[in-house]
Amino acid sequence: MEKLSEGAESILYSTEFAGLHAVVKDRVAKGYRVRALDDEIRSKRTKSEARILSRASSSGVKVPRVLMLGEHQIFMERLDGDTLNAIMQEKKAKKGQLERIFLEVGKRLAELHALGIAHGDYTPANIMVSNSGVFVIDFGLSEVTKSSEEKALDLLLMKRSVSKKLYNIFLSSYSAAFSDAGAIAERLEEIEKRGRYQTRTLITG
Ligand SMILES: Nc1ncnc2c1ncn2[C@@H]1O[C@H](COP(=O)(O)OP(=O)(O)OP(=O)(O)O)[C@@H](O)[C@H]1O
Ligand SMILES: [Mg+2]
(Lines give C-alpha, C1' and ligand atoms only; values in the text may rest on other atoms or scores of the structure.)
(Ligands and ions follow the chains in the order given, each with its own letter.)
Protein backbone atom coordinates (compact mmCIF):
# COMPACT_ATOMS: atom_id res chain seq x y z
CA MET A 1 0.00 0.00 0.00
CA GLU A 2 1.27 3.44 -0.91
CA LYS A 3 1.35 6.00 1.89
CA LEU A 4 -0.60 9.13 0.89
CA SER A 5 -0.32 11.24 3.98
CA GLU A 6 0.74 11.14 7.59
CA GLY A 7 -1.05 13.53 9.93
CA ALA A 8 -1.05 14.08 13.65
CA GLU A 9 -3.60 11.34 14.32
CA SER A 10 -3.69 9.12 11.31
CA ILE A 11 -1.90 7.66 8.31
CA LEU A 12 -3.63 7.37 4.93
CA TYR A 13 -2.78 4.69 2.42
CA SER A 14 -3.90 4.18 -1.12
CA THR A 15 -5.36 0.70 -1.60
CA GLU A 16 -7.97 -1.35 -3.46
CA PHE A 17 -11.17 -2.61 -1.88
CA ALA A 18 -13.58 -4.96 -3.64
CA GLY A 19 -12.07 -3.90 -6.94
CA LEU A 20 -12.52 -0.19 -6.19
CA HIS A 21 -9.91 2.54 -5.81
CA ALA A 22 -9.85 3.15 -2.07
CA VAL A 23 -7.95 4.82 0.73
CA VAL A 24 -7.64 3.54 4.26
CA LYS A 25 -7.42 6.08 7.08
CA ASP A 26 -5.66 4.35 9.92
CA ARG A 27 -5.65 5.98 13.34
CA VAL A 28 -2.31 5.01 14.79
CA ALA A 29 -1.43 4.39 18.44
CA LYS A 30 -0.12 7.38 20.36
CA GLY A 31 2.82 6.37 22.53
CA TYR A 32 2.21 9.11 25.07
CA ARG A 33 -1.32 7.97 25.95
CA VAL A 34 -2.14 5.07 28.27
CA ARG A 35 -2.76 2.11 25.95
CA ALA A 36 -6.34 1.22 26.97
CA LEU A 37 -7.43 4.85 26.90
CA ASP A 38 -5.68 5.39 23.57
CA ASP A 39 -7.45 2.40 22.00
CA GLU A 40 -10.78 3.74 23.21
CA ILE A 41 -10.18 7.25 21.91
CA ARG A 42 -9.10 5.95 18.50
CA SER A 43 -12.13 3.64 18.26
CA LYS A 44 -14.50 6.43 19.22
CA ARG A 45 -13.07 8.90 16.70
CA THR A 46 -13.03 6.29 13.96
CA LYS A 47 -16.68 5.37 14.58
CA SER A 48 -17.75 8.98 14.82
CA GLU A 49 -15.98 9.96 11.59
CA ALA A 50 -17.48 6.98 9.71
CA ARG A 51 -20.96 7.67 11.06
CA ILE A 52 -20.86 11.30 9.97
CA LEU A 53 -19.40 10.42 6.54
CA SER A 54 -22.21 7.91 6.04
CA ARG A 55 -24.85 10.37 7.19
CA ALA A 56 -23.58 12.96 4.71
CA SER A 57 -23.16 10.62 1.77
CA SER A 58 -26.52 8.93 2.23
CA SER A 59 -28.07 12.39 1.94
CA GLY A 60 -26.23 12.98 -1.30
CA VAL A 61 -23.52 15.34 -0.05
CA LYS A 62 -20.24 14.97 -1.99
CA VAL A 63 -18.00 13.14 0.50
CA PRO A 64 -16.07 9.88 0.02
CA ARG A 65 -18.27 6.81 0.45
CA VAL A 66 -17.39 4.53 3.36
CA LEU A 67 -16.57 1.05 2.06
CA MET A 68 -15.64 -0.76 5.26
CA LEU A 69 -15.08 0.05 8.89
CA GLY A 70 -12.43 -1.50 11.12
CA GLU A 71 -11.73 -0.85 14.79
CA HIS A 72 -9.28 1.97 13.98
CA GLN A 73 -9.54 2.12 10.19
CA ILE A 74 -11.94 3.55 7.69
CA PHE A 75 -11.78 2.22 4.13
CA MET A 76 -13.32 4.81 1.85
CA GLU A 77 -13.66 5.66 -1.79
CA ARG A 78 -10.48 7.21 -3.22
CA LEU A 79 -11.10 10.58 -4.85
CA ASP A 80 -9.11 11.25 -7.95
CA GLY A 81 -8.03 14.85 -7.58
CA ASP A 82 -6.12 17.41 -5.50
CA THR A 83 -6.81 19.17 -2.27
CA LEU A 84 -7.99 22.75 -2.68
CA ASN A 85 -4.95 23.76 -0.65
CA ALA A 86 -2.64 22.25 -3.25
CA ILE A 87 -4.56 23.92 -6.09
CA MET A 88 -4.30 27.31 -4.38
CA GLN A 89 -0.60 26.91 -3.62
CA GLU A 90 0.32 25.90 -7.15
CA LYS A 91 -1.38 29.02 -8.44
CA LYS A 92 -2.07 27.21 -11.67
CA ALA A 93 -5.83 27.48 -11.36
CA LYS A 94 -7.37 28.88 -14.51
CA LYS A 95 -9.11 32.22 -14.44
CA GLY A 96 -12.44 31.98 -12.68
CA GLN A 97 -11.76 28.43 -11.52
CA LEU A 98 -11.17 29.31 -7.86
CA GLU A 99 -14.33 31.42 -7.83
CA ARG A 100 -16.34 28.49 -9.17
CA ILE A 101 -14.79 26.15 -6.64
CA PHE A 102 -15.57 28.49 -3.73
CA LEU A 103 -19.21 28.67 -4.77
CA GLU A 104 -19.27 24.88 -4.36
CA VAL A 105 -17.33 25.04 -1.09
CA GLY A 106 -20.10 27.27 0.29
CA LYS A 107 -22.80 24.97 -1.00
CA ARG A 108 -21.15 21.91 0.56
CA LEU A 109 -21.03 23.58 3.98
CA ALA A 110 -24.68 24.63 3.63
CA GLU A 111 -25.60 21.01 2.89
CA LEU A 112 -23.66 19.72 5.90
CA HIS A 113 -25.12 22.34 8.26
CA ALA A 114 -28.63 21.59 7.03
CA LEU A 115 -28.01 17.99 8.14
CA GLY A 116 -26.86 19.24 11.56
CA ILE A 117 -23.21 18.46 10.86
CA ALA A 118 -20.55 20.95 11.94
CA HIS A 119 -17.31 19.98 10.20
CA GLY A 120 -14.80 21.22 12.78
CA ASP A 121 -11.86 21.80 10.40
CA TYR A 122 -13.37 23.42 7.32
CA THR A 123 -10.29 24.69 5.46
CA PRO A 124 -8.96 24.28 1.90
CA ALA A 125 -6.80 21.39 3.18
CA ASN A 126 -9.95 19.35 3.77
CA ILE A 127 -11.62 20.01 0.42
CA MET A 128 -10.79 17.88 -2.63
CA VAL A 129 -11.50 18.84 -6.22
CA SER A 130 -11.96 16.07 -8.77
CA ASN A 131 -13.63 15.73 -12.15
CA SER A 132 -16.79 14.72 -10.29
CA GLY A 133 -16.89 17.95 -8.32
CA VAL A 134 -15.95 19.51 -5.01
CA PHE A 135 -15.79 17.03 -2.12
CA VAL A 136 -15.41 17.45 1.63
CA ILE A 137 -13.02 15.13 3.49
CA ASP A 138 -11.68 14.68 7.01
CA PHE A 139 -14.61 14.50 9.42
CA GLY A 140 -12.30 13.64 12.32
CA LEU A 141 -13.35 16.72 14.30
CA SER A 142 -16.97 16.82 13.16
CA GLU A 143 -20.05 16.80 15.36
CA VAL A 144 -23.75 16.41 14.91
CA THR A 145 -25.09 19.39 16.81
CA LYS A 146 -28.05 21.73 17.08
CA SER A 147 -25.79 24.51 18.30
CA SER A 148 -25.02 27.42 16.00
CA GLU A 149 -21.64 28.00 17.72
CA GLU A 150 -19.85 25.08 16.02
CA LYS A 151 -21.39 25.99 12.68
CA ALA A 152 -20.28 29.60 13.04
CA LEU A 153 -16.77 28.33 13.79
CA ASP A 154 -16.78 26.53 10.43
CA LEU A 155 -17.37 29.92 8.79
CA LEU A 156 -14.73 31.57 10.94
CA LEU A 157 -12.04 29.04 10.11
CA MET A 158 -12.68 29.45 6.37
CA LYS A 159 -12.63 33.22 6.81
CA ARG A 160 -9.21 33.01 8.44
CA SER A 161 -7.89 30.63 5.77
CA VAL A 162 -8.58 32.45 2.49
CA SER A 163 -8.67 35.91 0.93
CA LYS A 164 -11.59 38.26 1.57
CA LYS A 165 -12.69 37.91 -2.01
CA LEU A 166 -12.88 34.11 -1.92
CA TYR A 167 -14.50 34.14 1.51
CA ASN A 168 -17.21 36.47 0.26
CA ILE A 169 -17.94 34.19 -2.69
CA PHE A 170 -18.06 31.22 -0.30
CA LEU A 171 -20.34 33.08 2.13
CA SER A 172 -22.81 34.25 -0.50
CA SER A 173 -23.25 30.75 -1.82
CA TYR A 174 -23.54 29.31 1.72
CA SER A 175 -26.16 31.91 2.58
CA ALA A 176 -28.20 31.28 -0.56
CA ALA A 177 -28.26 27.52 0.09
CA PHE A 178 -28.96 27.37 3.84
CA SER A 179 -32.15 28.73 5.38
CA ASP A 180 -30.56 29.22 8.81
CA ALA A 181 -27.53 31.07 7.46
CA GLY A 182 -28.64 34.40 8.95
CA ALA A 183 -28.59 33.05 12.49
CA ILE A 184 -25.19 31.45 11.95
CA ALA A 185 -23.74 34.68 10.54
CA GLU A 186 -25.06 36.56 13.60
CA ARG A 187 -23.43 34.02 15.86
CA LEU A 188 -20.18 34.51 13.98
CA GLU A 189 -20.34 38.25 14.59
CA GLU A 190 -20.84 37.61 18.29
CA ILE A 191 -17.86 35.29 18.39
CA GLU A 192 -15.70 37.86 16.65
CA LYS A 193 -16.83 40.55 19.11
CA ARG A 194 -15.95 38.28 22.00
CA GLY A 195 -12.49 38.19 20.51
CA ARG A 196 -11.96 34.52 21.11
CA TYR A 197 -10.53 31.95 18.73
CA GLN A 198 -7.76 34.30 17.62
CA THR A 199 -5.15 31.60 17.31
CA ARG A 200 -5.47 30.53 13.68
CA THR A 201 -4.53 32.86 10.86
CA LEU A 202 -3.75 31.04 7.66
CA ILE A 203 -4.02 33.58 4.88
CA THR A 204 -3.33 31.70 1.68
CA GLY A 205 -5.17 33.56 -1.01
N1 LIG B 1 -11.01 9.86 0.07
C2 LIG B 1 -9.80 10.31 -0.25
N3 LIG B 1 -9.34 10.19 -1.53
C4 LIG B 1 -8.13 10.64 -1.88
N5 LIG B 1 -7.28 11.25 -1.03
C6 LIG B 1 -7.67 11.40 0.25
C7 LIG B 1 -8.94 10.95 0.70
N8 LIG B 1 -9.06 11.23 2.02
C9 LIG B 1 -7.90 11.85 2.36
N10 LIG B 1 -7.06 11.95 1.32
C11 LIG B 1 -5.71 12.55 1.34
O12 LIG B 1 -5.11 12.35 2.61
C13 LIG B 1 -4.88 13.58 3.28
C14 LIG B 1 -5.17 13.49 4.77
O15 LIG B 1 -6.52 13.08 4.98
P16 LIG B 1 -7.36 13.65 6.21
O17 LIG B 1 -7.39 15.12 6.12
O18 LIG B 1 -8.63 12.90 6.27
O19 LIG B 1 -6.48 13.14 7.42
P20 LIG B 1 -5.83 13.90 8.65
O21 LIG B 1 -5.51 12.91 9.66
O22 LIG B 1 -6.61 15.08 9.02
O23 LIG B 1 -4.50 14.37 8.05
P24 LIG B 1 -3.94 15.84 8.22
O25 LIG B 1 -3.57 15.95 9.65
O26 LIG B 1 -2.78 15.80 7.26
O27 LIG B 1 -5.05 16.76 7.80
C28 LIG B 1 -5.75 14.59 2.55
O29 LIG B 1 -5.21 15.87 2.62
C30 LIG B 1 -5.78 14.04 1.13
O31 LIG B 1 -4.63 14.46 0.43
MG1 LIG C 1 -7.06 16.83 7.22
Side-chain angles (χ1 to χ4, degrees), residues 1-33 38-39 41-90 92-93 98 101-102 104-105 108-109 111-112 117-144 150 153-158 160-162 199-202 204-205:
M1 288 195 294
E2 185 201 344
K3 197 192 275 187
L4 280 180
S5 141
E6 184 160 1
E9 298 254 320
S10 58
I11 304 182
L12 276 99
Y13 301 93
S14 181
T15 183
E16 305 290 317
F17 183 82
L20 299 169
H21 294 303
V23 301
V24 54
K25 182 168 184 172
D26 187 10
R27 280 197 163 69
V28 288
K30 289 280 166 196
Y32 58 80
R33 287 199 291 242
D38 184 64
D39 284 352
I41 291 171
R42 288 188 295 138
S43 299
K44 261 197 177 157
R45 292 195 181 154
T46 302
K47 276 200 204 91
S48 159
E49 179 165 15
R51 189 172 60 95
I52 293 176
L53 272 172
S54 304
R55 186 185 181 111
S57 76
S58 66
S59 301
V61 185
K62 285 187 161 126
V63 303
R65 267 174 309 165
V66 175
L67 303 173
M68 189 179 74
L69 186 57
E71 190 62 35
H72 302 124
Q73 295 92 13
I74 302 173
F75 287 75
M76 65 184 106
E77 175 190 6
R78 189 197 318 151
L79 303 169
D80 182 19
D82 295 310
T83 66
L84 180 51
N85 216 14
I87 294 173
M88 291 171 79
Q89 272 162 19
E90 282 171 20
K92 69 175 187 197
L98 278 183
I101 292 172
F102 273 85
E104 291 297 310
V105 174
R108 280 311 84 72
L109 190 64
E111 292 162 359
L112 292 172
I117 299 168
H119 184 275
D121 197 13
Y122 205 65
T123 71
N126 289 325
I127 306 287
M128 286 193 72
V129 181
S130 84
N131 285 335
S132 323
V134 174
F135 286 74
V136 186
I137 61 167
D138 194 0
F139 289 78
L141 294 172
S142 304
E143 274 180 54
V144 177
E150 272 69 35
L153 290 175
D154 283 340
L155 295 181
L156 182 60
L157 191 52
M158 188 56 78
R160 299 256 170 98
S161 303
V162 303
T199 46
R200 279 186 89 154
T201 27
L202 297 161
T204 52

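Note that ligands are numbered from 1 as they come in the structure, with each ligand's atoms numbered from 1 the same way.
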query: Short list, please: which atoms of ligand 1 are under 4.0 Å from a heavy atom of P64?
result: 1 (N)

- request: Consider every N or O of T83 and every N or O of ligand 1, then say whether any pair is closer than 3.5 Å.
  value: no

message: Below 2.8 Å, can you find an N, O or S atom of D121 next to the Mg ion (ligand 2)?
response: no

- request: Any atoms of ligand 1 less than 4.0 Å from a non-hydrogen atom of I137? List them with their elements.
  value: 9 (C), 28 (C), 30 (C)

query: Is S10 close to ligand 1, meaning an N/O of one under 3.5 Å from an N/O of the other?
result: yes

query: How close does the nearest protein non-hydrogen atom get to atom 14 (C) of ligand 1, and which residue and atom is it?
result: S5 OG, 3.3 Å

task: Taking all heavy atoms of F135 and all of V63, pick out the closest pair and write down the distance.
output: CD2-N, 3.6 Å

field: Numbered atoms of ligand 1 (with element) below 4.0 Å of N126, judged on heavy atoms
entry: 17 (O)

field: Presence of N, O or S from S5 under 2.8 Å of the Mg ion (ligand 2)
entry: no

task: Report the C-alpha distance between E9 and K30 in whole Å, list the side-chain angles of each, state the deciding distance to 0.1 Å, and finish with yes or no for salt bridge (charged side-chain N to carboxylate O under 4.0 Å, His left out).
output: CA-CA 8 Å; E9 298 254 320; K30 289 280 166 196; 5.6 Å; no

For the Mg ion (ligand 2): the N/O/S atom of D138 at shortest distance: OD2

message: Below 3.5 Å, N or O to N or O, backbone or side chain included: is there any such pair between D138 and ligand 1?
response: yes

Protein contact to atom 25 (O) of ligand 1 [nearest heavy atom, distance to 0.1 Å]: G7 CA, 3.5 Å

message: Does any N or O of ligand 1 fall below 3.5 Å from an N or O anywhere on L79, backbone included?
response: yes

- line: When every non-hydrogen atom of S10 is compared with those of K25, the smallest separation belongs to OG-CE, 3.3 Å

query: Are R45 and E49 ion-paired here, with the side-chain N under 4.0 Å from a carboxylate O?
result: no

- line: For K25, the ligand 1 atoms with a heavy-atom partner under 4.0 Å come out as 16 (P), 18 (O), 19 (O), 20 (P), 21 (O)

- prompt: Looking only at heavy atoms, what is the nearest atom pair of M128 and G81, with distance?
  reply: CE-O, 3.5 Å

field: Shortest protein contact, atom 1 (N) of ligand 1 (heavy atom only)
entry: E77 O, 3.0 Å

Residue of the set V24, L20, I74, T15 for which side chain to side chain contact (heavy atoms under 4.5 Å, CB included) holds with L67: L20

Atom indices of ligand 1 within 4.0 angstrom of R78 heavy atoms, with elements: 3 (N), 4 (C)

- prompt: Which atom names give the shortest non-hydrogen contact between S161 and T123, and what distance separates them?
  reply: OG-CG2, 3.7 Å

message: I need the atoms of ligand 1 closer than 4.0 Å to a non-hydrogen atom of L12, numbered in the order shown.
response: 8 (N), 9 (C), 10 (N), 12 (O), 14 (C), 15 (O), 19 (O)

task: Answer with yes or no whether M128 contacts ligand 1, where contact means a heavy atom under 4.0 Å from a ligand atom.
output: yes

query: Should the pair E16-R78 be classified as a salt bridge under the 4.0 Å nitrogen-to-oxygen rule?
result: yes

query: How long is the span from the CD atom in E2 to the CG atom in L12, to the nearest 0.5 Å?
result: 11.5 Å

message: Distance check, rounded to the nearest 0.5 Å: L79 atom CG versus I137 atom CD1?
response: 7.5 Å

- prompt: If you take all heavy atoms of L157 and Y122, which pair is closest and at what distance?
  reply: CD2-N, 3.7 Å

